[in-house]
Engineer: 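First the structure, which I've put down as structure tokens, then a few questions once you've had a look.
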Amino acid sequence: MDVAKYMATALLLTTIFKDMSELVIFWIAFFTALLTLFCGLILVNDSNDNKKKGKKK
């Protein structure tokens with residue numbers, strides 16, 4: 001999830017300091033941030049499920 005935050009921050013800083021005339025870069029960064037966020041959330045959720053199962057036994 002940290003990678004997604006870094007991608008979003010990099011995109012925000014890029015738009016502040018440079019004109020985003022090429023939307024391709026924006027969309028690549030946006031979808032990369034979404035992909036890494038969802039992967040991180042899935043991994044965290046799996047980790048929490050495993051901990052809950054271990055406590056019930």
Side-chain angles (χ1 to χ4, degrees):
M1 292 188 314
D2 289 335
V3 175
K5 289 188 282 187
Y6 294 141
M7 291 294 294
T9 303
L11 180 64
L12 180 64
L13 290 174
T14 302
T15 56
I16 289 172
F17 292 118
K18 185 179 177 185
D19 183 28
M20 284 295 276
S21 59
E22 295 184 32
L23 290 177
V24 174
I25 297 171
F26 172 79
W27 287 112
I28 290 172
F30 180 76
F31 285 120
T32 304
L34 279 179
L35 178 68
T36 55
L37 177 65
F38 286 130
C39 289
L41 290 174
I42 288 170
L43 291 173
V44 168
N45 191 23
D46 287 343
S47 175
N48 288 339
D49 289 343
N50 290 337
K51 287 180 184 178
K52 289 177 184 178
K53 289 178 183 177
K55 289 183 180 180
K56 288 182 180 179
K57 289 183 177 181

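The chain is numbered in sequence order, starting from 1.
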Engineer: Rounded to the nearest 0.5 Å, what separates atom CD1 in I42 from atom CG in L37?
Structural biologist: 10.0 Å
Engineer: List in chain and number order the residues that pass ring-ring contact (aromatic ring centres under 6.0 Å, His included) with F31, two or more places apart in sequence or in another chain; answer none if no residue qualifies.
Structural biologist: W27
Engineer: Residues sharing L35's hydrophobic cluster, by side-chain heavy-atom contacts under 4.5 Å among ILVMFWY, directly or via others?
Structural biologist: none
